[in-house]
Amino acid sequence: MPTARTVAWGLALAGLIPFFGCAGLALFAPDGGDVWLTPLGAYGAIILSFLGGARWGRELAEPQPRALPLVLSNLPAVAAWLTFLPSVPHAFQFLVLIFGFIAMLYWDFRDQPTWYRPLRLVATVGAALSLGVVMQSL
């Protein structure tokens, strides 16, 4: 049976498939890739929310959970949701998501196990690159 670290790496790499797939379709679809911008942003928002939820769960697992990390762990979901309000351009949405991923990476680098850091770096770079390349094409 694979170790939890191997499973985590596999899931993280598989999680990049929708980023790369939607980005590729947005850039190279023969009929125009604009229809792939919303799925790309939605997936980014889901993943950013997931990272915030992971921080929420980690804090609640502490013997004495602290209020500030609980509040901060909700900000990624709120920020991602706000980018879906009417009239928010995709370029701004992708920029918010990129900064959100980088902020979560910084937070995770501070107090996560060392084996998790390269995983998060690869996942963040893949997600941010996908969003950034598409954002530059808009």
Side-chain angles (χ1 to χ4, degrees):
M1 170 158 287
T3 67
R5 291 179 189 183
T6 304
V7 171
W9 267 100
L11 291 170
L13 294 175
L16 290 174
I17 294 170
F19 279 113
F20 295 151
C22 287
L25 288 165
L27 294 170
F28 304 115
D31 296 336
D34 288 353
V35 297
W36 293 100
L37 297 176
T38 298
L40 177 60
Y43 186 69
I46 290 166
I47 296 301
L48 188 58
S49 298
F50 172 82
L51 293 172
R55 296 307 307 201
W56 168 276
R58 183 177 169 95
E59 189 60 35
L60 286 179
E62 293 293 324
Q64 296 293 321
R66 298 164 295 158
L68 183 59
L70 290 174
V71 170
L72 292 176
S73 72
N74 280 265
L75 293 180
V78 172
W81 174 76
L82 286 173
T83 68
F84 279 92
L85 293 177
S87 303
V88 174
H90 286 291
F92 182 75
Q93 178 186 49
F94 294 170
L95 187 63
V96 169
L97 292 171
I98 290 168
F99 277 110
F101 287 131
I102 292 169
M104 293 304 294
L105 177 68
Y106 174 75
W107 194 2
D108 284 346
F109 258 60
R110 293 182 44 215
D111 63 355
Q112 293 288 349
T114 54
W115 71 265
Y116 185 63
R117 292 176 184 170
L119 179 151
R120 284 287 288 115
L121 184 61
V122 167
T124 298
V125 168
L129 226 82
S130 297
L131 292 163
V133 168
V134 173
M135 185 178 74
Q136 290 299 314
S137 74
L138 298 177

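We're numbering straight along the sequence, starting at 1. Please read these numbers as outputs of a predicted model, since none were measured by experiment.
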Which side-chain N or O atoms in residues 88-103 pair as donor and acceptor under 3.5 Å with protein atoms at least two apart or in another chain?
from: His90; atom 1: ND1; to: Gln93; atom 2: OE1; distance (Å): 3.3

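- Within the structure, the salt bridge (Lys or Arg N to Asp or Glu O under 4.0 Å) test picks out the following pairs touching residues 112-136 (sequence neighbours left out): Asp108-Arg120.
- The same ILVMFWY cluster, assembled from side-chain heavy atoms under 4.5 Å apart, contains both Phe20 and Leu138.
- Under the salt bridge (charged side-chain N to carboxylate O under 4.0 Å, His left out) criterion, Asp111 pairs with Arg55, not counting sequence neighbours.
- Atom OG in Ser49 sits 10.0 Å away from atom CE in Met104 (nearest 0.5 Å).
- Rounding to the nearest 0.5 Å places OH of Tyr116 at 10.5 Å from CH2 of Trp9.
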Determine whether Leu105 and Val125 satisfy the following criterion, side-chain contact (heavy atoms from CB on, under 4.5 Å), listing intermediate values before the conclusion.
CA-CA 10 Å; Leu105 177 68; Val125 168; over 6 Å; no
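- Residues near Phe84 contribute nothing to a hydrophobic cluster around it, because no ILVMFWY side-chain heavy atom sits closer than 4.5 Å to its side chain.
- Neither Leu40 nor Ile46 shares a network with the other; the hydrophobic side chains, linked directly or stepwise wherever heavy atoms of I, L, V, M, F, W or Y lie under 4.5 Å apart, form separate groups for each.
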Determine whether Arg66 and Leu68 satisfy the following criterion, side-chain contact (heavy atoms from CB on, under 4.5 Å), listing intermediate values before the conclusion.
CA-CA 6 Å; Arg66 298 164 295 158; Leu68 183 59; 5.6 Å; no
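- The distance from the CG atom of Leu119 to the OG1 atom of Thr124 is 9.0 Å, given to the nearest 0.5 Å.
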Please tabulate, one pair per line, all N/O donor-acceptor pairs under 3.5 Å involving side-chain atoms of residues 129-136, not counting sequence neighbours.
from: Ser130; atom 1: OG; to: Gly126; atom 2: O; distance (Å): 2.9

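- Closest heavy-atom contact between Gly15 and Pro18: O-CD, 3.4 Å.
- Considering all non-hydrogen atoms of both residues, Leu72 and Pro76 come closest at O-CD, 3.3 Å.
- Closest approach of Pro69 to Trp107, counting heavy atoms only: O-CH2, 3.7 Å.
- By the rule that hydrophobic residues join a cluster once side-chain heavy atoms approach within less than 4.5 Å of another member, Val35 and Leu37 end up as members of separate clusters.
- Placement of Leu51 and Phe19 within a single hydrophobic cluster is found when ILVMFWY residues are connected by side-chain heavy-atom separations under 4.5 Å, directly or transitively.
- Atom OG1 of Thr114 is separated from atom CZ of Phe109 by 10.5 Å, given to the nearest 0.5 angstrom.
- Counting heavy-atom neighbours within 6.0 Å of Trp81 CH2, excluding the residue itself, gives a total of 12 or less.
- Across all their heavy atoms, Ala80 and Ala45 have their closest contact at CB-CB, 3.6 Å.
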Under 3.5 Å donor-acceptor pairs involving side-chain atoms of residues 22-31, not counting sequence neighbours:
none

